[in-house]
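The structure appears below as structure tokens.
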Amino acid sequence: DATQGTSGDCKPCPCPAGATCAVVPRTGEVVCTNCPAGTTGKRCELCDDGFFGDPLGQSRPVQPCRACKCSDNIDPNAVGNCNRETGQCLKCIYNTNGFFCDRCKEGFYGNALAPNPADKCKPCSCSPLGTVGQQTSCSQVTGQCQCLPNVSERDCSTCQPGFFNLQSGDGCERCNCNPIGSTN
Amino acid sequence: TRPNVYPLPPGTHLLFSQSGRIEHVPLEGYEMKKNDAKAVLHLPETVIIAVAFDCLEKMVYWTEITSPSISKASIQGGDPVEVIGSDLGSPEGIAIDHLGRTMFWTDSVKDHIEVASLDGSQRRVLINSGLVNPRAIITDPPNGNLYWADWNRDAPKIETSYMDGSNRRVLVKDGLGLPNGLTYDSHSSLLCWADAGTHKMECMHPGRGDRRQVMEGIQYPFGIASFGKNLYYTDWRRDAVIAVDRHTGRESDEFQPQKRTKLYGIVTALAQCPSGQNYCAVN
């Protein structure tokens, strides 16, 4: 209040450099009005949607607000892509998940960080007949499903050479062909 | 305790969200009275996406995504009241049926549309299939219709159904990109949308299926509201509310709040409810 006539009438804004502030008329509360890009809140203490950090170090070490870091696996048209404080990614796409959308989600395998979306995470598609417990998940990296005895292929879809009867659902059985009368 | 809502003078207003606040601009005729623009509500710890207005009780409703919830407050002053506080993923669109006293919202994490009474009771899922990124949702209370848009990049669409979820149909699927905003004007019976993918604003009469481009080359629309011959949309690149004359297809005005961050939903807060009776009251 500059009308009191004392040297302490005007106080500096309790805001980061460059921000202006105003007094809320009814309550007398001081709020920052022009927080730096990416920040918001009464004291510019929060990050805007799409950004994360702790610009004033209120609950963790000071970290300026930065754009969500989600391995290019978020959609810029989405809202709430990451947690405003921790940066945890909340809206991973292309079948990814993890804190930074840096892993394939359950039931998918491949490289979540591949530049081309088509090369990222592919479905495991484990064959139900050849997979232990009819699991739908596979090795995150190789995509290998967990096969029943004597079953082969990444997706456990065929019997090993010399074995048959994938249909049993218990693995494949040895063919038991007579070596003398068989061609292989 | 200090009241959170700064009361609005009578008249028609635009209400729009800007991260942790809901702002308003009074309308005088079609003109935005920019010098009288003010915050209605300041909740810095939240990220407010969609806003809707109940013309009967003069309440603004909004969705919040940081700790997902739906709340309301009287624009004549008072404290916000939470109406839905659990089992929400990312509520991004909200619409009010002022005649039926219900609200509808989209959830882009749960990929469904829900309905509840305005106090949050009698909540149920209305549409739970075929949705990928549902966002904008709009009601046409006198005719009992619901409209919504899904910005699914692989197959964006605008759909309609009755307010009980029955008679669901796709209205538009071709020539869409990211249809973020949707609005319905009951006077002209026009459904209009703003698309951040095609950078176009278009309108159609849902019954007739005619479709007309209002404007092209717009930057990044998010929300859209209608009032008479005008459309007002929020833009993520311009951080502004832009007024467009629907007949001439020209931009007529722009309002850029002092705070430069993204603007989200926008709604026209009418001084009086439009005339029309509840479709359920007819028989």
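Basis for what follows: all heavy atoms, side chains included, without hydrogens, waters or symmetry-related copies. Each chain gets a letter, A, B and so on, in the order the sequences are listed, and its residues count up from 1.
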Top of B:K262, B:R153, B:E45, B:R260 for chain A proximity - count of heavy-atom pairs under 4.5 angstrom: B:R153

NZ/B:K34: more than 12 non-hydrogen atoms of other groups inside 6.0 Å: yes

Side-chain heavy-atom pair B:R21, A:T40 within 4.5 angstrom cut-off: no

Shortest non-hydrogen contact from B:P44 toward A:L46: O-CD1, 3.1 Å

Those residues of residues 50-84 of chain A, ordered by number, that approach chain B below 4.5 Å (heavy atom to heavy atom): A:D75, A:P76, A:N77, A:A78, A:V79, A:G80, A:R84

Other residues, nucleotides, ligands: >12 heavy atoms within 6.0 Å of A:N116 CG: yes

Euclidean distance, A:D49 CG relative to B:Q18 CD, rounded to 0.5 Å: 12.5 Å

Atom CD of B:E82 with >12 non-hydrogen neighbours under 6.0 angstrom: yes

Contacts of residues 148-168 of chain A with chain B (heavy atom under 4.5 Å): none

Heavy-atom proximity to chain A below 4.5 Å, by part of B:E92: side chain

